[in-house]
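In each ligand, atom 1 is the first atom listed, and ligand 1 is the first ligand listed. Residue numbers start at 1 and run along the sequence shown. Since this is a predicted model, take the numbers as computed values, not measurements.
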Amino acid sequence: MRPIVALLVMLFSLSARTQIPTSTPDIDARVEVLLKKMTLDEKIGQMNQVTGDISTGTNVAQSDMMSQIRSGHVGSVLSHTNFDNKIKMQEEAVKKSRLGIPIIFGFDVIHGYKTIFPIPLAQAASWDLASIEALERIAATEASSDGQNWTFSPMVDLSREPRWGRVMEGAGEDPYLGARIAEARVKGFQGTDLAQPNTIATCAKHFAGYGFSEGGRDYNTVDMSEQRLREFVMPPFKAAADAGSATFMNAFNTLNGTPCTMNKHIQEDMLRGEWKWNGMMVSDWNSVGETMVHGSASDVVDASAKCLIAGCDMDMAGGTYMLGMKKALEEGRVTQDQIDEAVRRVLRLKFQLGLFDNPFLYLNAKTREQNLEKPEYRDLARSVAAESMVLLKNDGGVLPITPSSPFKKIALIGPYADSRGNKDYMSFWTLGLGMREYDSTKVVTPAMALKPALEAMGFEVTVTQICMDAACTEVDYSAALKAARDADLVICLLGERGLDCGESRCVSSLELPRGQETIARMVSRGNKPVVTVLFNSRPLVFPWITENVPAILLAWQPGFEAGNALVDVLTGKVNPSGKLPITFPRNLGQVPIYYNHLNTGRPQETMGTMWTSGYLDSSVQPAWPFGFGLSYTQFRYFDIQLSKSAISMDETLEVSINVTNTGSVAGTEVVQCYIHDLSADIARPVKELKGFERIKLNPGETRKVVFKLSKDDLRYWNQDIQFKADPGKFKVFVGGNSQDVKEVEFTLR
Ligand code: BGC
C-alpha cells in the first residue's frame with residue numbers, strides 16, 4: 001500500500017467516530033477532588049499561561065519560569081521549542097509544586113510542525129477534506145512527539161480582506177467551505193481520544209470577527225450586524241464546536257464596540273449557551289491586558305473581572321489575571337464559583353489529555369525520534385501542495401510541459417526560482433522550525449526539483465535567481481534578460497516573501513511586492529512564451545501579467561515540497577484541480593469583493609451604466625471568481641435535473657447533474673452547488689455555496705453528481721434573529737466555479 005493511501009486509511013478509521021466528550025463523570029469527579037485541595041493562588045495560577053522560548057507578540061513581563069512553576073503559578077506554557085527544557089518544566093511542576101499539577105504546553109501548529117505543508121489558505125484551495133484531515137493528523141503526531149499538547153489551530157476566521165496578513169491562515173471567504181474545513185482540522189488533530197500520545201487538543205480561533213478588521217489592519221475594529229456575524233463568521237466556529245474542539249481562543253478586536261475577550265454575548269450567550277459547548281476559552285496574547293488599552297477596563301482588577309465574567313478561562317502571556325483576579329474576588333467583582341468554573345475547564349482538559357495519568361506522555365525522547373519528519377509525511381506534503389495549486393490561465397495550452405512540447409531550452413527566472421531564506425515558500429507561522437533561524441535545506445526549491453526533472457525530459461534548463469535586494473537589481477535584471485532571450489520557454493517565479501505572510505503582516509497595496517511585474521514584462525520582451533508561477537499568501541493584483549502572459553499558475557506558499565509539487569503540476573503528472581477559496585480582485589479599490597454579496601437594488605451588469613452600483617473607472621467583476629480553477633482537460637456540465645419542482649419544509653430536494661470529461665487526459669473537478677433565495681423576507685446573497693464534490697474523471701467519462709437540499713440548507717438568520725426558511729422561489733446553480741453555472745428554479749412550500 002502506498003504511504004499516502006495508508007495514511008488515508010488510518011484517517012478514515014478515525015473519522016468514523018463520535019465527538020470527543022468534553023467531560024466524563026470520571027474526569028469530573030477527579031477535578032472536584034483536586035479543586036477542593038487548591039488554594040486561591042493555585043487556582044489563579046492554573047488560569048495563567050506564560051510564554052516560552054519564542055515570542056509571537058508584544059513584549060510581556062517575564063519572571064523566573066521555574067520558580068513560578070514551583071509556586072503553582074503556571075497552568076500552561078506557550079510557544080516553547082526546547083524539548084529538554086519542557087521535560088525540566090514538567091518535572092518542576094509535577095515533582096516540586098505543592099499539588100503536582102502538570103503543565104499543558106500550547107503551540108501554534110498552523111501548517112505543519114516539523115514537516116511543513118502548504119499554508120492553510122492553499123490547503124483550502126484543494127477542497128480536499130480527507131487530505132486536510134490527514135495532514136493535521138501528521139502535524140499532531142509530530143507536535144505531540146515534541147511535547148506539545150495543544151495547538152492554537154484551526155484558525156477559522158472567515159475573511160474577505162486580502163490586505164490582512166492573516167488571510168493566509170484561514171479557509172477563505174465562504175462559511176460553508178470554512179465549516180467543512182474546520183471540522184476536518186479538528187478531527188485530524190484531536191483524533192478519537194485526546195489521551196492518545198499522538199493526538200493534541202485544538203483551539204478554534206479567533207472568536208470572533210477578527211477577519212473583518214477595518215482597512216485590513218490587524219487588531220483593528222470590527223463592527224457588523226448580528227445577521228452577518230451569525231451567517232458568515234459563526235458557521236466555521238459552530239462546526240469546530242460541534243466537532244468537539246477542546247478549546248477556543250477569543251480575539252484581539254472589538255466586536256460591535258466590546259473587546260472580544262470580554263464579550264459575554266458571543267462567549268457565554270452564544271458559544272456556551274446556544275451551542276452548548278463546554279470546553280476551555282483562552283485569551284489571545286495579552287488580550288486581557290489590552291482591554292485596558294481599548295479603554296474598556298480601567299485597571300488589572302477591572303480587566304480580570306470583566307474578562308472572566310465574559311467567559312475567558314485562561315489569560316495568555318500578559319499575566320493580568322495573576323495581578324488582578326485575587327483583588328477582583330476580594331472586592332466582590334467576581335465570585336469564587338466563577339473562578340472555580342474556569343479552573344475546572346483547565347483541569348478537565350489536562351485530565352482529558354492524560355497528563356495527570358502520565359505527565360511525561362508527550363515527552364518521550366524515543367517517540368520523538370521515531371515520529372518527527374518521517375519521509376512518508378513528505379508524500380502528503382507534496383500531493384496536497386500539488387492539489388492546492390490553481391491554474392488561472394493556460395492560453396494556447398502552453399502547459400503542461402511534456403517531452404513533445406515544442407521547445408528545447410527552458411529558463412527559470414525570478415526571485416522565487418531558488419530562494420533559500422526568509423521562510424520563502426512557507427510563512428512566519430512555521431514556529432516548529434524556529435523563529436527566524438531554520439534549516440532552509442529542508443525546503444525543495446523550484447530550481448532544485450524542476451531543473452533535474454526537466455533535464456531528464458530532454459530540455460536544457462537555466463536558473464536565474466533574481467535578488468530582490470535594491471543593491472543587486474541591475475545586475476540581476478540583465479542576467480535575467482539574457483537568460484530569457486536565450487530560452488524557448490520562460491518560467492517566471494514571482495511572489496511574496498514567506499516572512500511577509502502571517503500575523504501583523506498587513507499590506508496597503510495588493511500589487512506584487514517590490515515591483516515584480518516588471519520582471520514578467522522584461523522576460524516577455526523576447527517574445528518567448530512565459531509561464532508565471534506565483535508564490536502568494538493572499539489574493540494579489542497583477543494586471544499586466546493577467547493580460548499578457550499566456551499561463552499563470554498560483555502555487556501559494558506550498559511548504560517543504562514546493563519544487564516537487566511544481567514539477568508534478570507543470571509536467572502534467574498531476575492535473576491541476578485547485579479552486580480559489582477566495583475572490584481575486586482586479587484592483588485594491590474593489591475590496592471587499594466576495595461572491596456571496598447582496599444584489600443591491602441597482603446591480604451593475606455593464607461597466608459605466610449610470611445609476612447602477614459600480615465604479616467609473618473599474619469593472620465590478622473580479623479578476624478571478626470564488627471557486628475558479630482550470631484543468632488540463634475540460635469538463636462539460638449538462639442540465640440540472642431536480643427530483644421535484646417544489647418541496648415542502650419536510651422534504652429533501654435532489655439536485656443532479658451529469659459532468660463529462662471532454663478532454664484527452666484524466667482530471668479532477670470540484671463540482672459546486674449554490675443557491676439563491678429569491679423571495680426571502682430580507683435580501684439574500686446572490687449565491688451561497690451549499691455543497692461540493694471532488695470527482696475524478698477519465699477522458700470521455702461521465703459522472704452523475706447528486707446534491708441534497710433540505711430546509712436546513714435554505715434557512716437564514718432573519719430580522720428577528722431567528723434561523724428559518726421562507727416559503728417561495730429559489731434558484732439552484734451547479735458549476736465548476738461560482739460564475740460559470742447551470743441553473744434552475746424550485747419552490748419551497
Ligand atoms: C495570535 C494567536 C496565536 C498567539 C500565540 C497571537 O498573537 O493572534 O493566533 O495563537 O499569538 O502565538
Side-chain angles (χ1 to χ4, degrees), residues 48-60 62 75-81 104-113 119-121 139 143 148-159 161 164-171 182 185-186 189 200-213 216-220 222 236-237 240 245-255 259-261 280-291 293-294 312-320 423 427-436 499 501-506 537:
N48 186 33
Q49 184 179 51
V50 299
T51 180
D53 56 10
I54 53 180
S55 160
T56 57
T58 47
N59 286 337
V60 285
Q62 187 77 290
S76 172
V77 174
L78 85 141
S79 303
H80 201 80
T81 55
I104 174 173
F105 291 97
F107 204 85
D108 293 281
V109 185
I110 307 298
H111 51 113
Y113 183 69
I119 55 168
L121 187 62
Q148 315 297 1
N149 321 121
W150 175 25
T151 173
F152 304 125
S153 177
M155 190 204 88
V156 302
D157 293 312
L158 183 138
S159 187
E161 188 42 91
W164 189 46
R166 305 195 78 167
V167 72
M168 53 117 343
E169 284 177 64
R185 293 196 192 284
V186 171
F189 277 120
I200 57 176
T202 55
C203 183
K205 70 186 188 186
H206 306 83
F207 202 61
Y210 188 36
F212 282 74
S213 59
R217 259 172 48 209
D218 222 337
Y219 324 119
N220 204 7
V222 176
F237 284 108
S245 181
T247 75
F248 266 51
M249 182 187 296
N250 49 40
F252 288 120
N253 55 284
T254 55
L255 175 66
C260 288
T261 310
M280 195 262 277
M281 174 70 75
V282 65
S283 80
D284 204 344
W285 181 279
N286 192 29
S287 67
V288 174
E290 286 178 16
T291 58
V293 188
H294 282 291
C312 179
D313 304 313
M314 185 180 274
D315 176 8
M316 178 193 284
T320 308
K423 292 206 168 171
S427 81
F428 155 75
W429 284 123
T430 46
L431 305 180
L433 304 182
M435 249 332 226
R436 268 160 202 279
L499 280 175
C501 313
E503 184 176 352
S504 172
R505 283 133 170 105
C506 302
S537 68

Could you tell me whether the side chain of K205 and the main chain of V156 form a donor-acceptor pair under 3.5 Å? no
Per-atom contacts, ligand 1 versus M249 - under 4.0 Å to a heavy atom: 2 (C), 10 (O)
Only heavy atoms of F252, strictly under 4.0 Å: list the atoms of ligand 1 that pass. 6 (C), 7 (O), 8 (O)
The atoms of ligand 1 lying under 4.0 Å from a heavy atom of K205, numbered in the order shown, are 2 (C), 3 (C), 9 (O), 10 (O)
Checking a contact table here: which protein heavy atom is nearest atom 11 (O) of ligand 1, and how many Å away? T56 OG1, 3.3 Å
I'd like to check which ligand 1 atoms, numbered from 1 as shown, lie under 4.0 Å from a non-hydrogen atom of F152. 10 (O)
Expected output: side-chain N149 to main-chain F105 donor-acceptor under 3.5 Å: yes
Regarding T202 and S245, do their side chains bring together a donor and an acceptor under 3.5 Å, going by distance alone? yes
Nearest non-hydrogen atom to atom 5 (C) of ligand 1 belongs to which of V109, D284, L431, D108? D108
Select the closest option to atom 7 (O) of ligand 1 among E503, E169, Q49, R166, judged by heavy-atom distance. E503
State whether the shortest distance between N or O atoms of Y210 and N or O atoms of ligand 1 falls below 3.5 angstrom. no
Just checking W164 against Y210, ring centres under 6.0 Å apart? yes
Q148 and Y113: side-chain hydrogen bond (donor to acceptor under 3.5 Å, both in side chains), yes or no, with the steps? CA-CA 10 Å; Q148 315 297 1; Y113 183 69; 3.1 Å; yes
When you measure from the centre of the six-membered ring of F428, is the NZ or CZ of R505 closer than 6.0 Å and no more than 45° off the axis? yes
